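Have a look at the structure below before the remarks.
Keep in mind the model is a prediction, meaning the values are calculated, not measured. Letters A, B, ... mirror the listed sequences (proteins, then strands); counts begin at 1.
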Amino acid sequence: MGQITLTFPDGNRKTFPAGTIPAQVAASISTSLAKKAISAQVNGQHFDLQWPIHEDATIAINTMQDDAAALELIRHDLAHVMARAVQELWPDVKVTIGPVIENGWYYDFDRAEPFTPEDLGQIEAKMKEIINRRDPVTTEIWDRDRAVKYYEANNEPYKVELVGMIPEGQPIRMYWHGHWQDLCRGPHLQHTGQLPADAFKLMKVAGAYWRGDSNRPMLQRIYGVAFRNREALKDYLHFLEEAEKRDHRRLGREMDLFHMQEEAPGQVFWHPNGWRIYTTLQDYMRRRQNANGYVEVNTPQVVDRRLWEASGHWEKYQEHMFIVEVDEEHAREKSVNALKPMNCPCHVQIFNQGLKSYRDLPLRMAEFGSCNRYEPSGALHGIMRVRGFTQDDAHIFCRESQIEEETRRFIAMLSAVYADLGFEKFRVKFSDRPDMRAGSDEVWDKAEAALQSATEAAGYAYELNPGEGAFYGPKLEFVLTDAIGRDWQCGTLQVDFVLPERLEASYIGEDGAKHRPVMLHRAILGSFERFIGILIENFAGKLPFWLAPRQVVVASIVSDADDFVREVVARLVSAGVRAEADIRNEKINYKVREHSLGKVPVILAIGAREVEDRTVTLRRLGEQGTQTVALDAVVAELAAAALPPDLA
RNA sequence: GCCGGUGUAGCACAGCGGUAGUGCAGCGCUCUUGUAAAGCGAAGGUCGGGGGUUCAAGUCCCUCCACCGGCACCA
C-alpha cells in the first residue's frame, strides 16, 4: 500500500498510508480532537471523517468551533434524525429528500394523513431521544442494483427514483444512523450525540410537490431551524418576532395606510395615509424620469385580444389575464378584450404612430402603467403580490449600438433612486441566453456583451444566472437588501429583439432604409404596491420624513392652546409640511403614545408656556427627550426636511 | 392552482351542541391635563357566504369565498 502526504493548516506535513480516513488523522493528533472532530476539509472539500483519502492533500479537521461546517452538519444530520423519528413513529411514511436550507432544513414525506402541530411536538421529542442514544453514523458505497433492490424491497419508491437520478460514475452512498438508513451524499457527524438537542425547533408543515413539479404528487414538508447552541436559536426566534412586527400588512392597518377585502382580492384600497406615500413616491419618480430624458405616456386599460395575439401574450398568458367580453346587448359586435397585464405592446403602438427617424432614438417612453393580472390565488400576499398594480415602466427604443450607453444611464439613474429611498447597496444579476430563444446568436452576442460591459463600466460586479434570460433577450436584475438582511428583487432591464419584430416597429436609418429598433424594458421600483410594502418593512413603518404620510402632529396640552395649535398647523401646511392638529380632550401622554404607535416622525406639543412664548416643544419618534424651539425656526427646519431628496 | 391551517364587535382574542363574552378603540359625561394608555357610563355582533344534521349549531357535516404558511407560478 502506498503512502500519502497530508499538509495541515499550520504547514506541517505527515505521511499516512493511502486510504487513511480523516478520523484516523484526527486520532493521530490527539484523542480529544478525535472526539471533538465533526468532519474535515480535504483539498477544500467538505469531507466525512470516514471517507478514505487516496492521494496527497491539504487537510483540516473541523470541530463545532468551525461555523460553516458545524452548521451544515448539524442541519443535515437533523434532517436525517427527523426522517428517522418520523419513520419510527409512523413506519408506513415514505421518505424522499431533506436538504439543508438557510437557517435549517426541511424533509419531504409521503404520508396519507396530514401532519398536525401536535405531531411536530411528538417528532421533536423523538428526535431528542434519538440524539441521546448517541447512535454512530456509518457509511458504505453500494452499487446501483443493490440500492434499487433494497429500496424496492423496503417500499420506498421515491428513493428508487433518486438512485436512478444519480449520474453514472458518482458513488451511491448509504448512511446508517444506528439501524436507520438513508441514501445521502454526506458528509455526516460521527454520531447523533454530537447534535445540540436544545438548539433546533420544528417550525411548520407545508405541502410541496415531489421534485418541484406541480404535475407530480404533493408531499408533506416539515421545516426545521437549527443552530450551534440554544442562544443562537433564541436569537433567531427573536429575529422572527421582530420581522413580524415589520409586516407591511400589520403596519398598513396600524398606520391606516390601506386595506383589502374579499370583493376585490389582490387589489388595494389605498387610504389617505397610504395614498400620500404613493403619490409622493410617484411624483418623485416622475421628476427623476423627466430629468433623465424620458417622455411620459398613458395607454388604455381594456385592449382587444388582437393586440395580445400579435404580441404573443395571448397564447402564453391568456389564463392569467382578466378577460372583458362585450356582447351584442351593448355593442354591435361581440368583442373579447383583456385588461392590460403589461404596457409594452401599447407603447409600441405609440412608437408606430408616424414615421420614426434614427434621429428620434433613443426614445425613452415611460408610463406609470396600471396593470391587472389574474394571479393564482395562492400567490397573493398583502400588497406585495397583487392582481392590480402600477409599474414604473418604461421602454427605450434604440439601436443595437445604443444598448450599452442606455444601460449605463439606466444603472446610474437606478442607483441614485435607490440611494434616495434608503438603499445604498444593491446586487446585480445577469441572465444570459436560454436554450429556447428567439434571435440569432450574433445578435445575442452583441446584446449580452453590451449589458455586461455597461454594468462593469458602471462599477458593479454581477452574478451570472446562466440560461435564465427571457426568450426575447438577456436581462439584468437589481436586488436590494433591506434593514434586516432580506433580499428584494426590484429593478430590471431586459433587452428585447422580438416584440419590435412582432409588432412591426421600425425607424428610417441614415441610409434611408427601414430598420428594427431594439426595445429595452426597464423598471426601477417594479410596482408601486410592492415597493411601498418593501419600504414599510425596511423602515418598520418609520419612513423617512419626506415620505411619511403624516409628518407632524401638533398636539395641545390644554384647551387654551387650541388656537395656537391651529396657527402652527396652518404655518406648517403652507410651508409644505403634512401637519395636522390634535386638540382632542386627552392627556399629552395619551396623544404621544397614539401618534408614536402611528409612526408620526414629529410631535409638537403646545401648552400654556408655549402659547405664551410662541414656541413649540418638539419630540422625535423613537427619542425620549424633547426640545422647545421658536415657531419660526421649527417651520423652517421641518419645511426643509419635508423636501424630497431630489429637491433638497 | 395544490397541501395544511384560520375566519366571532373597528382591532386583539375567549367561547367549541343548550338564550353571544373580555380588553382596547368608538360614543356620552367628568377631568384641563407636560411627553408612550385618566375615571365613570351607555351602546355595539344575521359568529365569512350558502346548504345540511339536530328539539336545539360560532360550536358537528358538506360546499363556496377570503386570508395565513408553504409549494407551483410571476410576461
Side-chain angles (χ1 to χ4, degrees), chain A residues 106 108 110-111 113-117 119 203-223 244 247 249-250 253-254 256 259-266 308 311-321 340-345 371 373-382 384-387 389 391 393 470-472 475 489 492 494 496 498-499 521 526-527 530 555-562 583-598 603-610 617-628:
Chain A
Y106 67 75
D108 288 347
D110 187 4
R111 179 188 185 220
E113 292 290 302
F115 287 111
T116 65
D119 291 342
M203 302 298 285
K204 57 195 168 197
V205 199
Y209 296 109
W210 168 232
R211 303 195 50 206
D213 184 343
S214 57
N215 297 311
R216 308 200 65 176
M218 170 87 39
L219 306 171
Q220 294 190 62
R221 174 172 299 178
I222 302 179
Y223 285 91
E244 203 184 316
D247 191 308
R249 293 164 297 192
R250 172 180 174 148
R253 186 172 51 246
E254 289 173 358
D256 194 15
H259 86 273
M260 304 174 90
Q261 64 185 52
E262 266 192 48
E263 289 80 354
W308 308 114
S311 71
H313 292 104
W314 189 264
E315 193 192 357
K316 200 161 178 218
Y317 291 108
Q318 194 191 142
E319 296 300 307
H320 299 286
M321 293 202 236
K340 72 172 168 182
M342 54 182 352
N343 309 298
C344 30
C371 297
R373 295 180 183 173
Y374 189 75
E375 300 285 4
S377 57
L380 303 178
H381 176 87
M384 299 278 205
R385 185 83 184 271
V386 285
R387 287 181 175 158
F389 56 96
Q391 298 173 317
D393 197 12
F471 76 96
Y472 49 72
K475 62 184 179 187
Q489 185 178 307
T492 182
Q494 307 176 6
D496 187 351
V498 172
L499 202 59
H521 306 245
S527 92
R530 179 160 176 273
S556 58
I557 296 171
V558 292
S559 51
D560 285 347
D562 291 358
I583 53 175
R584 291 174 303 169
N585 177 17
E586 294 290 353
K587 299 214 183 313
I588 192 66
N589 289 293
Y590 181 90
K591 295 182 183 181
V592 165
R593 175 180 155 82
E594 187 175 290
H595 301 308
S596 297
L597 290 172
I603 297 170
L604 301 179
I606 295 180
R609 293 200 295 272
E610 287 82 2
T617 297
L618 183 151
R619 177 186 165 119
R620 289 182 198 279
L621 182 60
E623 290 177 16
Q624 294 295 317
T626 61
Q627 50 184 138
T628 300

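- Here A/R250 pairs with A/E254 under the side chain to side chain donor-acceptor pair (under 3.5 Å) rule; sequence neighbours left out.
- A 3.5 Å limit on both hydrogen-bonding distances identifies B/rG70 as the Watson-Crick or G-U partner of B/rC2.
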Test log, rule side chain to side chain contact (heavy atoms under 4.5 Å, CB included), inputs A/W308 and A/M342 | CA-CA 10 Å; A/W308 308 114; A/M342 54 182 352; 4.3 Å; yes
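- Side-chain atoms of A/R619 and A/I588, non-hydrogen and from C-beta on, never get closer than 4.5 Å to each other.
- With its glycosidic angle more than 90° from 0, B/rG69 is assigned anti.
- The ring pair (Phe, Tyr, Trp, His ring centres under 6.0 Å) check on A/W314 picks up nothing, with sequence neighbours excluded.
- Shown here for A/G607 and A/E610, the closest heavy-atom pair between the two residues is N-OE1, 2.8 Å.
- Only the P atoms considered, B/rG23 is 11 Å distant from B/rC40, to the nearest whole Å.
- Nearest heavy-atom pair, A/V558 versus A/D562, reported as atom, atom and distance to 0.1 Å: O-OD1, 3.8 Å.
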Under-3.5 Å N/O pairs linking protein and nucleotides 42-45 of chain B:
none

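- Residue A/P114 is classed as a sugar-phosphate contact, given heavy-atom separations below 4.0 Å to backbone atoms only.
- For A/L380 and B/rG1, the CG to C1' distance is 11 Å, given to the nearest whole Å.
- OP1 or OP2 of B/rC68 lies within a sub-4.0 Å distance of a side-chain N or O belonging to A/R249.
- Taking atom OH on A/Y106 and atom C1' on B/rG4, their separation rounds to 17 Å, with Å as the unit.
- Remark: B/rU53 base-pairs with no nucleotide; criterion is Watson-Crick or G-U wobble with both hydrogen-bond distances under 3.5 Å.
- Salt bridge annotation for A/R249-A/D247: present, with a cationic side-chain nitrogen under 4.0 angstrom from a carboxylate oxygen.
- Listed by chain and residue number, A/W90, A/F109 satisfy the ring pair (Phe, Tyr, Trp, His ring centres under 6.0 Å) test with A/F115 (two or more places apart in sequence, or in another chain).
- Using atom C1' as the reference point in both B/rG44 and B/rC71, the two lie 42 Å apart (nearest Å).
- For A/R584 and B/rC27, the CZ to P distance is 9 Å, given to the nearest whole Å.
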Would you please test A/R373 and A/Y317 for side chain to side chain contact (heavy atoms under 4.5 Å, CB included) and show each step?
-> CA-CA 9 Å; A/R373 295 180 183 173; A/Y317 291 108; over 6 Å; no
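- Nucleotides B/rG69 and B/rC13, compared at atom P, are 14 Å apart to the nearest Å.
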Polar-atom pairs under 3.5 Å, protein N or O versus N or O of nucleotides 70-73 of chain B: list them with distances, or write none.
residue: B/rG70; atom: O3'; partner: A/Y223; partner atom: OH; Å: 3.0
residue: B/rG70; atom: O2'; partner: A/Y223; partner atom: OH; Å: 3.1
residue: B/rG70; atom: N2; partner: A/G207; partner atom: O; Å: 3.4
residue: B/rG70; atom: N3; partner: A/G207; partner atom: O; Å: 3.4
residue: B/rC71; atom: O4'; partner: A/G207; partner atom: O; Å: 3.1
residue: B/rC71; atom: O2'; partner: A/Y209; partner atom: N; Å: 3.0
residue: B/rC71; atom: N4; partner: A/G378; partner atom: O; Å: 3.4
residue: B/rA72; atom: O2'; partner: A/S214; partner atom: OG; Å: 3.3
residue: B/rC73; atom: O2; partner: A/R385; partner atom: NH2; Å: 2.8
residue: B/rC73; atom: N3; partner: A/R385; partner atom: NH1; Å: 3.0

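- Between the C1' atoms of B/rG18 and B/rG5, the separation comes to 29 Å (whole Å).
- Separation of the C1' atoms belonging to B/rG7 and B/rG15 is 15 Å when rounded to the nearest angstrom.
- With contacts defined as side-chain heavy-atom distances shorter than 4.5 Å, the pair A/M260/A/V386 qualifies.
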What does the list of N/O pairs under 3.5 Å between the protein and nucleotides 35-37 of chain B look like, with a distance for each?
residue: B/rU35; atom: O3'; partner: A/R619; partner atom: NH1; Å: 3.4
residue: B/rU35; atom: O2'; partner: A/R619; partner atom: NH1; Å: 2.4
residue: B/rA36; atom: OP2; partner: A/R619; partner atom: NH1; Å: 3.4
residue: B/rA36; atom: O4'; partner: A/R593; partner atom: N; Å: 3.4
residue: B/rA36; atom: N7; partner: A/R619; partner atom: NH2; Å: 3.1
residue: B/rA37; atom: N9; partner: A/R593; partner atom: NE; Å: 3.4
residue: B/rA37; atom: N7; partner: A/R593; partner atom: NE; Å: 3.4
residue: B/rA37; atom: N7; partner: A/R593; partner atom: NH2; Å: 3.2
residue: B/rA37; atom: N6; partner: A/R593; partner atom: NH2; Å: 2.8
residue: B/rA37; atom: N1; partner: A/R593; partner atom: NH2; Å: 3.4

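- Distance A/D256 CG to B/rA25 P: 17 Å, rounded to the nearest Å.
- A gap of 10 Å separates the C1' atoms of B/rG48 and B/rC67, to the nearest Å.
- At whole-Å resolution of the value, CD in A/Q261 and P in B/rG48 are 17 Å apart.
- In this structure B/rG10 sits in a base pair with B/rC24, meeting the Watson-Crick or G-U test at under 3.5 Å.
- Taking CD of A/E586 as the reference point, atom OG of A/S556 lies at 10.0 Å (rounded to 0.5 Å).
- The distance from atom CZ of A/R250 to atom P of B/rC67 is 20 Å, rounded to the nearest whole Å.
- Residue A/Y472 is in sugar-phosphate contact alone, with no base atom involved, counting any heavy-atom pair closer than 4.0 Å across all strands shown.
- Shown here for A/Q391 and A/C371, the closest heavy-atom pair between the two residues is OE1-SG, 3.8 Å.
- Comparing the C1' positions of B/rA43 and B/rC29 gives an interatomic distance of 14 Å, to the nearest angstrom.
- When distances run from any side-chain atom of A/R253 to the nucleotides B/rA38, B/rC11, B/rU32, the shortest one goes to B/rC11.
- Across all non-hydrogen atoms, the minimal contact from A/H595 to A/R584 is NE2-NH2, 4.2 Å.
- Distance CD (A/E319) to P (B/rG1): 12 Å, rounded to an integer number of Å.
- Heavy atoms of A/A608 sit under 4.0 angstrom from at least one base atom.
- Across every non-hydrogen atom of A/I557 and A/A605, the tightest pair is CD1-CB, 4.0 Å.
- Comparing the C1' positions of B/rC61 and B/rC16 gives a spacing of 15 Å, expressed to the nearest Å.
- When the C1' atom of B/rU32 is taken as reference, atom CZ of A/R609 falls 15 Å away, rounded to whole Å.
- Nearer to the 5' terminus of RNA chain B, by closest-nucleotide assignment, is the contact made by A/G607 (compared with the other of A/G607 and A/Y317).
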